[in-house]
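Notes to accompany the following structure.
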Amino acid sequence: MRQHTVVDLSHLATFGSGPRSPTWWGTLGFIALEGTGFALAAGAYLYLAYIAPGWPLSAPPPNHWPGTIVTILLLASVVPNHMLNGYAKKYEMLPVRIGLLVMCAFGIAPLVVRWFEFPALNIYWDTNAYGSMLWVLLGLHTTHLLTDVGDTIVLTVLMFTRHGYAGRRFGDVEDNVFYWDFVVLAWLPLYVLIYWMPRF
Amino acid sequence: MSSVDLAPEHHGIRDTELDEISLHRRLAETWRTRPGLIGFLSSVDHKVIAKRYLITAFVFLCLAGLAAVVMRIQLSGPERGLIGPDLYNQIFTMHGATMMFLFAVPMVQAVGLYLVPLMVGTRNIAFPRLAAFSYWIYLSGGLFLWVSFALNTGPDVGWFAYVPLSGPEFSPGKRADTWAQMITYTEVSSLAVAVATIVTVFKQRAPGMSLDRIPLFVWAMLVTSFVVIFAMPAVMIASTFLILDRLVGTHIFNPAEGGDALLFQHLFWFFGHPEVYIIFLPATGMVSAIIPTFARRPVFGYLALVLSLIAVGILSFGLWVHHMFATGLPKLGASFFTASSMLIAIPNGIQIFCWLGTLWEGGRPRLNTPLLFVFGFFFTFVAGGLTGVMLASVPLDLQVHDTYFVVAHFHYVLIGGSVFPLLGATYYWFPKLTGRMMSERLGRWHFWLALIGFNAAFFPMHIVGLWGMPRRVYTYPVELGWGGINLFISAGAVVFFLSFVLFVINLVWSATKGDVAGENPWDAGTLEWATSSPPPSYNFARIPVVTHQEPLWAEREVLPVAGGLRVDAREVLISTIAEAKPDIREKSARPSIWPLFAALTVGATFLYSIFTPWAVVWGALPITISLVGWFWPKGAPEDEE
Amino acid sequence: MRRGLGWIAALSGSILAGCNGVQSALDPKGPAADELANLIWLFTVLCAVIWVLVMAVLVTIMLRRRQRRIHPLHVDQASERTVSRVVISAVAATGIVLVALTLLSFFANRTLAGVGEDAVLTIRLTGQQWWWEVKYENAEPSKILTTANEIHIPAGEQVRLVLQSDDVIHSFWVPSLHGKLDLIPGVVNSLTLKADKPGVYRGQCAEFCGLQHAHMAMLVIAQPRADFDAWYADQLRDAAQPLTEEQSTGRDLFLDRPCVMCHRIQGTTAGGTTGPDLTHVASRRTLAAGTLQMSRGSLAAWIADPQSIKWGAKMPVMNLTGDELNAIVAYLENLK
Ligand code: HEA
Ligand code: HEA
Ligand code: CUA
Ligand SMILES: [Cu+2]
């Protein structure tokens, strides 16, 4: 079939960020499916709580302090996260590098505290279904946290190499910011379920 | 524009600056899959990956089908001793699990993986490395299941592995873990493909392919991918909980400790029902692609068809309880799911009627094999859908639930609704994949043998089900008088099997001796026919510009195209979601061996983790390494800018 | 042509009967099953009609003589509009039919729920891998009755079945009397059973429950009130005393072999509960949940080697000498 060129693409940009870029949509896709996973796990927890005669099944309520600290840390991390976003949009290398370092710190800190959350649940996963669900929910979010922190660290290193000097990398930074917001957001309902639901 | 000196934008070499010959040479050089074993293992060409998927899925169809034949021999008469309960339970589980997770879903996704990029007029799928990764994961999952079976640790708890039967107490050993972990592999892979498909459809459509010009098959794959994203996590959660209960002693499904057995059923069917539409919707897309071509007119009721696709996709999440009517749920609640199950018959009906309308308004249809199979689809699927409507009625279901009536229903819809369209699609797109037509004569024989064999095998199942024969029994007593009809069923199954052998023969023969096809043998209207058969690694020398729902019918002599992409680097065109206006010259990933490594490390971790939870810890490092290797820029032109 | 009709008649006849009515949903013997059978036929006919209509359209399309279209994009707006009218009305019709079907099944459901406020007795059915424990509840402990795999009920009266399970999920299903209901660990379900006429109705576990799911049948035996009461009184009595020398050695053997760990025989020291109650085993029609017809021979065969008859059954093979076996069988055979 003969061809006849009617459109010229040669002047188009070679990268874009946010909803313009495929990676952003990819990230959104994974957020959607992980979000569904969290929602269903939470649903399972509520289902069991609903059919159980009493909840928590005659277990002491967890000590919420470690969890509360994690929550505060995560909420606080949103601020630098979005400053980082602003710098990335403006392709400012130094602030972006600093911002990433900060975010690494803000990623590792909750992980450290998280370590103390498990004992603070005051129950083991194999005691009863209530204990199982607490550990599962907390475990799910911990893996989530771990993977994204890993991500952030790798990206940080990358931005310190010559590869950092490429427009698309700044797009990657923005996607990382985007994903971190999700990590924080996903935690809030879990926090309520794990630490406050057993109290009422 | 930037406060740091970013890597300069390469001008590179543009297609506009080259004559045809050197253009093709350049593109081929840039997009080719490298020769040699490493090259083979590193390919990220969606067509190569899709072909691997197609072949693997077909092999699994054959394996599961042969398992079915064994079952049929065992059931061909009362008190047969060919295989005992232990083996039978493994075989029907392998059959069901393989058909659903290793054949049907991967098969339809593979067809999408091959066709969607061609139909939307782009050079490769979005996230090609992810697609490559997904195949390797899928393959290892399939091998894992069948090797376990060979080692006598194949699952024996049914394809939905209800607890407590699959729980730690009643399924000691590794068989149930095999089921649960096979789920993890296959779901990971199909989730990956779903994401890649969605992004391709959203962002990589050719200029001018606005929402109302997207081919219906692409719409079907898009909706299906969304269903995958929201359904698959449910079964992942279910199987993970099961593994935890079995491996580390949690009590999520243990009623004695505050858990609940029905929770598993809710989680499974919240996935399980959408699952069947994941298998069915792409098939409707194929029907919507075949019918217009042979009726020689655009499909009737395009908008209605798109809307019913979406409607089915959404409704499919509100039906799951109709698999649980016999568990004694509150009557009113159950009746709600009767209503919703009935409701979904409406969008399905709309589709049927629109297709009939298309054929009615079309010219005298050309009765080639693809269309024959579409007629087979009507004949069979409508019947299966209607028995579905019967099952949707709570009281009626209480009589036929878990009997051969249900077995009949789902084979009518699965085979009639999905396998027949797939066979039609094979005859329809085989020329595009191989450059050769399939034999029409063998095709007709295949069709009639399949149609007759299928109905002979599965129609009587309705009756024997009503006569009281439960499913999942390895034998039945003489007194009940089910012997004759079961013998008939088995005979039918053998005929159906023969039709498949004929199909295999046709495939092999046509691939080498079939007539040469040319670009557009059926004179069809969609973009995949605008390039050579088989298509070059880069799909299109220049990106087509779409002016109509059926571009090739609107532009019969000259194809309007877009120029200006680089040819010395893998560049694809990113367009806007709604109007598909050209927006970005995005880079597409080069071949890489890392997805394979990633799949190997991840796969090994899954496997190991059915023995000890620590596997997750040990696996973390190698997985991280392979992922870093995957994403770390290698200084290729694609990585810069 | 007439022969064709004959065939159809014959076919539908045999379908209706089911080669053997004892376990067929199409040959109802109680109010619930009646209701359901009618519903099934109604749905079937409706669906058949719809299917035929769709096929008719398809055939017409294929048979109509029309010329091939030359330019695929040229469509005739007028006829296009008529077709869309047809499609829309077809969809509307679909909607109406569906509403009708939904209401039908809803009301059928209601009537099913309706039957049986006033049940004359309550039977607790416990699913086991792979047999049924049947317990007749009663206010007075002395009148509580335990048996296995056989449910006797008074014909024409409503009986309440309480369904539960201690191991995996099973499903109670006696097609000619009632639809399915699952026995789920941690859940208690119940239904009301009624047989219009005396008779023997076969049922079978309908939820996959492991190795011997295929051999987990039970019999519902509906008797006239008088016979039922007589049976009940009989079953309440202690096990029959041995009459012969052989039988009493049989009993002694039974009592010092592992049998006692799993089986109960009222009136002896045998009090096991992991297996069926054997107090009146010989009065039952079948052995091992419908696997064997009751007879001296099958008793012997079963006890000699249950695993070769029902592989995986939770009863081990005990190595008994021929004489021991004969003695035990002689004893059990007497437990009418
Ligand atoms: C391709 C897969 C597929 C499809 C498309 C369907 C479609 C439907 N299915 Fe099916 N189903 C399965 C695969 C599928 N099913 C499987 C695998 C199982 C068993 C799982 C297991 O237990 O192992 C199952 C089981 C199953 C059950 C549970 C049975 C039981 O276990 O007791 C029920 C109950 O409601 C049901 C209902 C339906 C309904 C209402 C539809 C509807 O979508 C059908 C709608 C279509 C039509 C109605 C025909 C076209 C419409 C017209 C021609 C218009 C005119 C029609 C009317 C006026 C009614 N299905
Ligand atoms: C898409 C899904 C799918 C498909 C295609 C099939 C295909 C077939 N199934 Fe299906 N079946 C299921 C999905 C499917 N099944 C599911 C989900 C279950 C429930 C499992 C459970 O209860 O857990 C089930 C259960 C099931 C049962 C009930 C088992 C039981 O409850 O005890 C039976 C019994 O007859 C059966 C029979 C068949 C037969 C005869 C075919 C035939 O159509 C098979 C035809 C195909 C072939 C025969 C393959 C062709 C082979 C070759 C081409 C090899 C030759 C190669 C060369 C010559 C090179 N199936
Ligand atoms: Cu008990 Cu099946
Ligand atoms: Cu369903």
Side-chain angles (χ1 to χ4, degrees), chain B residues 84-86 158 162 164-165 170 255 260-261 296-298 300-301 326-328 331 335 338-339 342 345-346 349-350 352-354 356-357 359-364 375 378-379 382-383 386 389-390 393-396 398-399 401-402 463 466-468 470 472-475 479-481 525 553-554, chain C residues 15 18-20 23-26 36 39-40 43 47 50-51 54-55 57-58 61 66-69 72-73 75 79-80 83 87 90-91 94-95 98 101-102 105-106 108-109 112-113 167-169 171 175 179-182 184-187 189 204 206-214 311-312:
Chain B
D86 184 55
Y162 279 178
L165 184 60
F170 299 100
D260 180 51
R296 290 194 59 72
R297 57 151 289 148
F300 175 87
T327 55
K331 281 222 162 18
S335 298
T338 295
M342 296 274 181
I346 289 181
I350 295 178
I352 300 278
F353 300 141
C354 287
L356 290 175
L359 287 163
W360 186 276
E361 280 298 278
R364 175 146 38 94
F375 286 153
F378 279 112
F379 186 91
V382 172
L386 290 164
V389 168
M390 297 175 73
S393 153
V394 176
L396 203 162
L398 294 183
Q399 275 293 29
H401 170 67
D402 268 333
I463 299 167
L466 288 166
W467 284 353
R472 300 172 159 187
V473 292
Y474 74 101
T475 189
E479 310 87 81
L480 295 177
W553 284 349
Chain C
I15 291 177
C19 296
N20 175 344
Q23 185 175 322
S24 167
L26 297 181
L36 292 174
L39 197 67
I40 292 173
F43 269 71
C47 292
I50 294 163
W51 185 83
V54 176
M55 288 308 119
V57 177
L58 204 58
I61 288 171
R66 309 175 88 232
Q67 79 296 7
R68 286 253 155 76
R69 298 162 53 84
L73 288 188
V75 294
S79 60
E80 206 75 351
V83 172
V87 168
V91 175
T94 308
L98 288 170
L101 292 178
T102 313
S105 67
F106 181 73
N109 215 13
L112 287 184
D167 44 34
V168 302
I169 302 178
S171 193
K180 283 170 207 65
L181 193 54
D182 290 353
I184 306 168
V187 179
N189 283 329
Q204 189 167 350
E207 178 63 58
F208 179 63
C209 54
L211 268 183
Q212 285 300 345
H213 164 63
W311 183 37

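Reckoned from all heavy atoms, side chains included, excluding hydrogens, waters and symmetry mates. Numbered from 1 within each chain, the chains take letters A, B, ... in sequence-line order.
The nearest pair of heavy atoms linking B/Pro395 to C/Leu36 is O-CD2, 3.4 Å. Here the shortest heavy-atom pairing between B/Gly357 and C/Val83 reads CA-CG1, 4.0 Å. Contact between C/Gly179 and B/Gln399 at its shortest, heavy atoms only, is CA-OE1, 3.9 Å. What you find for B/Leu466 and C/Ile40 is that their closest heavy atoms are CD2-CD1, 4.0 Å. Annotation for B/Phe379 and C/Trp51: closest pair O-NE1, 3.0 Å, computed over non-hydrogen atoms. Residue C/Pro185 comes nearest to B/Pro164 through the heavy atom pair CG-CG, 3.5 Å, listed as atom of the first residue, atom of the second, then distance.
Side-chain contact between C/Gln212 and B/Tyr474 is present, with at least one heavy-atom pair separated by less than 4.5 Å. Contact of the C/Val168 side chain with the B/Tyr162 side chain is not registered, since no non-hydrogen atoms from C-beta on lie closer than 4.5 Å. A heavy-atom distance below 4.5 Å is not found between the side chains of C/Ser171 and B/Asp402. Proximity of C/Val75 to B/Pro298: side-chain heavy atoms (C-beta onward) are separated by under 4.5 Å at one or more points. Counting heavy atoms from C-beta on, the side chains of C/Val91 and B/Phe353 come closer than 4.5 Å.
Contact count against chain B (heavy-atom pairs under 4.5 Å) is highest for C/Leu73 among C/Asn189, C/Leu73, C/Leu101, C/Leu39. Between chain B and the residues C/Trp311, C/Phe208, C/Phe43, the most heavy-atom pairs under 4.5 angstrom are made by C/Phe208. Among the candidates C/Ile61, C/Thr102, C/Val54, the residue making the largest number of heavy-atom pairs closer than 4.5 Å to chain B is C/Ile61. Among B/Gly349, B/Gly158, B/Ala383, the residue with the largest count of heavy-atom pairs under 4.5 Å with chain C is B/Ala383. Contacts with chain C were tallied for B/Leu356, B/Leu386, B/Val394; B/Leu386 has the most, counting heavy-atom pairs under 4.5 Å. The candidate from C/Cys209, C/Gly95, C/Cys47 with the greatest count of non-hydrogen atom pairs under 4.5 Å with chain B is C/Cys47. In terms of heavy-atom pairs under 4.5 angstrom with chain C, the leader among B/Met390, B/Glu361, B/Met342 is B/Glu361. Ranked by heavy-atom pairs shorter than 4.5 Å toward chain C, the options B/Ala326, B/Pro255, B/Gly301, B/Ser393 are led by B/Ala326.
Rounding to the nearest 0.5 Å gives a distance of 12.0 Å between CG of C/Leu98 and OG1 of B/Thr338. The structure places CH2 of B/Trp360 at 11.0 Å from OG of C/Ser79, a figure rounded to the nearest 0.5 Å. Going from atom OG of C/Ser24 over to atom CD1 of B/Ile463 covers 11.0 Å, rounded to the nearest 0.5 Å. Here the CG-CD1 distance, from B/Leu165 to C/Ile169, works out to 8.5 Å after rounding to the nearest 0.5 Å. Atoms CG and CD1, on C/Leu58 and B/Ile352 in that order, are 9.5 Å from each other to the nearest 0.5 Å. Interatomic distance, NZ of C/Lys180 versus OG1 of B/Thr327, reported as 13.0 Å (0.5 Å rounding).
Interface remark: B/Pro85 contributes backbone and side-chain atoms alike to the contact with chain C (heavy atom separation under 4.5 Å). In this structure, the portions of B/Phe378 lying under 4.5 Å from any heavy atom of chain C include both its backbone and its side chain. Contacts of C/Ile184 with chain B are made by side-chain atoms alone, with heavy-atom separations under 4.5 Å and no backbone atom involved.
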